[in-house]
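Down below is the structure, laid out as structure tokens.
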Amino acid sequence: MTKVNIRKAKTHLAKLRRLTAQKKSPLAEMSEEEVIKTIRKTREELWDKKLATRS
Amino acid sequence: MLLVLDSNEYIFAFGLSRKPICENLLDTILDTFPTHGMRIPRLISEEVRCNLTTEEYREFIELINNLTYIDEDIVVPFELGVRYEIIGLKPADAFIAAYVEWTGADVLVTENRHFLKRHSSLSFKILNAENCLSLIKSP
């Protein structure tokens, strides 16, 4: 079972946001719809790989 | 209230693509814990990973490990996923819906319109960040 530590969680979230702010993600230039479409495509690809591994 | 955040919510909440309402939602969940908690399946963590550097992913895992735990995809009964495929969801989306049902979560939070238009007749709510935030902040 996870030992919840909200203070640590917030620290890591803040660091993660600092890191993402330092470099420009390819997603940053996309519209919201394009981002969602890209993530959906990633989901389909990952799912297909999982299925291929199991069969 | 138990929540499952879709991968797009994490991407927006981390600032990879700016959407302040999603940042606000994740901050609010942390601020109101344990009133509101989260669960996350392996698939969503892998989707997030695809958009992060190694260093960023390490922080993401530390964030999750201090908040909840990652459920392996294999724990979700296959039949549950099939039920959502039958009502028209793509297999991977059907898995996410099945996962939300399996966890007993109250809400799937997503900006994905393909999910949002299928909110009726489910055992959980499907809300975008804005509506979820309103729900959390409602008395």
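In the text below, chain A, chain B and the rest are named by the order of the sequence lines, each starting its count at 1.
- Proximity to chain B is absent for every atom of A/Arg7, based on heavy atoms less than 4.5 angstrom apart.
- Rounding to the nearest 0.5 angstrom, the gap separating the NE2 atom in A/His12 from the CG atom in B/Leu67 is 11.5 Å.
- Under the 4.5 Å side-chain heavy-atom criterion for Ile, Leu, Val, Met, Phe, Trp and Tyr, B/Phe78 and A/Trp47 are members of distinct hydrophobic clusters.
- Proximity of a side-chain donor or acceptor of A/Arg17 to a complementary backbone N or O of B/Ala13 within less than 3.5 Å is detected.
- Note that CD of B/Glu47 is 13.5 Å distant from NZ of A/Lys41, once rounded to the nearest 0.5 Å.
- Hydrophobic clustering (ILVMFWY, side-chain heavy atoms < 4.5 Å, transitive): B/Leu63 and A/Val4 are in one cluster.
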Q: Report the C-alpha separation of A/Val35 and B/Lys19 in whole Å, then their side-chain angles, then the decisive distance to 0.1 Å, and conclude whether the side-chain contact (heavy atoms from CB on, under 4.5 Å) test is met.
A: CA-CA 11 Å; A/Val35 170; B/Lys19 189 160 187 183; over 6 Å; no
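- B/Val75 and B/Val82 fall into different hydrophobic clusters, defined by Ile, Leu, Val, Met, Phe, Trp and Tyr side-chain heavy atoms under 4.5 Å apart, directly or through other members.
- Just one residue in the list A/Leu27, A/Ile39, A/Ile36 forms a side-chain contact (heavy atoms from CB on, under 4.5 Å) with B/Phe12, and that residue is A/Ile36.
- Note that the CG atom of B/Leu16 and the CE atom of A/Met30 stand 11.0 Å from one another [nearest 0.5 Å].
- Chosen from A/Thr38, A/Asp48, A/Thr42, A/Thr20, the residue pairing most often with chain B at heavy-atom distances under 4.5 Å is A/Thr20.
- To the nearest 0.5 Å, the span separating CD1 on A/Ile6 from CG on B/Asp31 amounts to 9.0 Å.
- Residues B/Ile64 and B/Val76 fall within the same hydrophobic cluster, defined by Ile, Leu, Val, Met, Phe, Trp and Tyr side chains chained together at heavy-atom separations under 4.5 Å.
- Put simply, of B/Glu56, B/Arg18, B/Lys90, B/Glu55, the one with the most heavy-atom pairs under 4.5 Å next to chain A is B/Glu56.
- Contact of B/Ile61 with chain A is not made at all, since no heavy-atom distance falls under 4.5 Å.
- Looking at A/Lys23, only its side chain comes within 4.5 Å of chain B, counting heavy atoms on both sides.
- Contact check on A/Lys15 versus B/Glu62 returns no salt bridge, with no Lys/Arg side-chain nitrogen under 4.0 Å from an Asp/Glu carboxylate oxygen.
- We find the CG-CG distance between B/Asp27 and A/Leu13 to be 6.0 Å, quoted to the nearest 0.5 Å.
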Q: Would you please test A/Leu16 and B/Arg58 for side-chain contact (heavy atoms from CB on, under 4.5 Å) and show each step?
A: CA-CA 9 Å; A/Leu16 177 50; B/Arg58 195 165 54 229; over 6 Å; no
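- A/Glu32 touches chain B through backbone and side chain together, each having a heavy atom under 4.5 Å away.
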Q: Please assess A/Leu46 against B/Arg49 for the test side-chain contact (heavy atoms from CB on, under 4.5 Å), listing each intermediate value before the final yes or no.
A: CA-CA 11 Å; A/Leu46 285 171; B/Arg49 181 182 197 164; over 6 Å; no
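- Atom-to-atom distance recorded for A/Lys10:NZ and B/Phe33:CZ is 11.5 Å, nearest 0.5 angstrom.
- Both the backbone and the side chain of A/Ala28 come within contact range of chain B, with heavy atoms under 4.5 Å apart.
- Note on B/Phe124 and B/Leu3: same hydrophobic cluster, where clusters join Ile, Leu, Val, Met, Phe, Trp and Tyr whose side-chain heavy atoms are under 4.5 Å apart, directly or indirectly.
- Inter-residue side-chain proximity for B/Glu59 and A/Arg18 is flagged as unmet; no heavy-atom pair is nearer than 4.5 Å.
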Q. Would B/Asn65 and A/Lys8 count as a side-chain contact (heavy atoms from CB on, under 4.5 Å) if you check the C-alpha gap in whole Å, the side-chain angles of each, and the deciding distance to 0.1 Å?
A. CA-CA 10 Å; B/Asn65 285 346; A/Lys8 279 188 178 176; over 6 Å; no
